[in-house]
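Worksheet: the structure to be examined is printed underneath.
Indexing begins at 1, ligand by ligand and atom by atom, following the structure's order. As a basis for the values below, the full set of heavy atoms in this structure was taken, side chains included, without hydrogen atoms, waters or symmetry mates.
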Amino acid sequence: MDSRISKGDKPILSVLRGRAPKRPPMWFMRQAGRYLPEYRAVRAKHPDFVSFCHSPEDAAEVTLQPIRRYGMDAAILFADILLIPGAMGQEVRFVKGEGPRLSPLLSGELMKSLTAEGAAEKLSPVYETVRRVRAELAGDKALIGFAGSPWTVATYMINGQGTKDPSSARQLLFREPKLVDDLTAMLVDATAEYLIAQAEAGADALKLFDSWAGGLSEDLFDRLCLEPNREIARRVRKKVDVPILYFPKGCGALYEKVAKDGGFDALALDTQTPYAWARERLAPHAVLQGGLDPLLVVQGGRPMREAAERIVEAYEGTPYIFNLGHGFVPETPPEHVAELVKVVRGEV
Ligand SMILES: Cc1c2[nH]c(c1CCC(=O)O)Cc1[nH]c(c(CCC(=O)O)c1C)Cc1[nH]c(c(CCC(=O)O)c1C)Cc1[nH]c(c(C)c1CCC(=O)O)C2
């Protein structure tokens, strides 16, 4: 069955197939999250963030909340990139106000306790969330499934928590390259299966988040980011017909190589990527998405409106999906999001 025929009337899917409407369709990274009071109310029922992600009823509810409030063109599945290490056998916790904590993976010994086999099956509650969201979502809205990219997930697995600079993962890579390559291979296996299962449950598009793709030399970027993600995309495409977006945040000039590689249907852009450069060098090769500084939405008002309008104008006539350069932060006033949606639609 060609799912692209039955799902043909979703504006985001039509852009992902290469059409350029007059105003871009939109969704936002972290559109389901702490800036919304209705999210915080559901979140309060779950002392543990991981079990929240494994609760289909509540996860589906928070996935749908931003669509009900603002009517953007896509929902993003409520889950987390760190569910995969948990399913592979690593302990993952989220500490309130601090973020994720994992038992750091600093030796081959610890690697032995991990396995990709059966990891995707352990995440069956996530597929149930996808089914529930798809059943409730209007026919013109897309549901975006996602996973973390192997290198980004590996940085958390190795370091045991988030950092401003994932240097411990790079150090481990130089000290024990085989260990990092083996971990990457394991993550490719688990992630490809996980994304296939999301698509089979009803996700219309899939996104790979590579939040730590920046700061790598070109050869390391190829080995840790481009190759493994391309391999995931290849495996997914063999099984399901859904567009795949890749977000190699902070990769600078290497965006051009990723776009020309052709392994992905769309590329998500960070805040620093120049619009004119992206339009000239990337748009001929891939559909583009993103770019607005999420902190401008904290500010709101004229600076936000002008920046959003500039982006819409910059990509006019090319297949482009409006989004941020990174996710909404918890301080974002919900009414600024409402105004941003109107600006992108050309209503203010
Ligand atoms: C690196 C990363 C993670 N998770 C994710 C990334 C890649 C994108 C990025 O760079 O932000 C991706 C992610 N995390 C979440 C989603 C789904 C919902 C959405 O985007 O709207 C998605 C797509 C929910 C979440 N994931 C998390 C929250 C907040 C947790 C809470 O409600 O207490 C949400 C809504 C927690 C999380 N999850 C992660 C961290 C570092 C943290 C703590 C920092 C923080 O709290 O923002 C790992």
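Every side-chain contact (heavy atoms from CB on, under 4.5 Å) that Asp140 has, sequence neighbours left out, goes to Pro11, Ala138. Listed by chain and residue number, Asp293, Pro294 satisfy the side-chain contact (heavy atoms from CB on, under 4.5 Å) test with Thr271 (two or more places apart in sequence, or in another chain).
Around ligand 1 you find Arg30, Gln31, Ala32, Arg34, Tyr39, Arg43, Phe49, Ile76, Leu77, Phe78, Ala79, Asp80, Ile81, Phe94, Gly99, Pro100, Phe146, Tyr156, Phe209, Ser211, His326, each with a heavy-atom distance below 4.0 Å.
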Using distance only, find each side-chain donor-acceptor pair of residues 323-330 under 3.5 Å and give its atom names and separation, not counting sequence neighbours.
from, atom 1, to, atom 2, distance (Å)
Asn323, OD1, Met29, N, 3.0
Asn323, ND2, Trp27, O, 3.1

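With a 6.0 Å cutoff to the six-membered ring centre and a 45° limit on the axis angle, Lys207 counts as a cation-pi contact of Phe247.
The closest side-chain donor-acceptor pair between Asp270 and Thr273 falls under 3.5 angstrom. In summary, the side chains of Trp277 and Tyr255 do not present any donor paired with an acceptor at a separation below 3.5 Å, with no hydrogens or angles considered.
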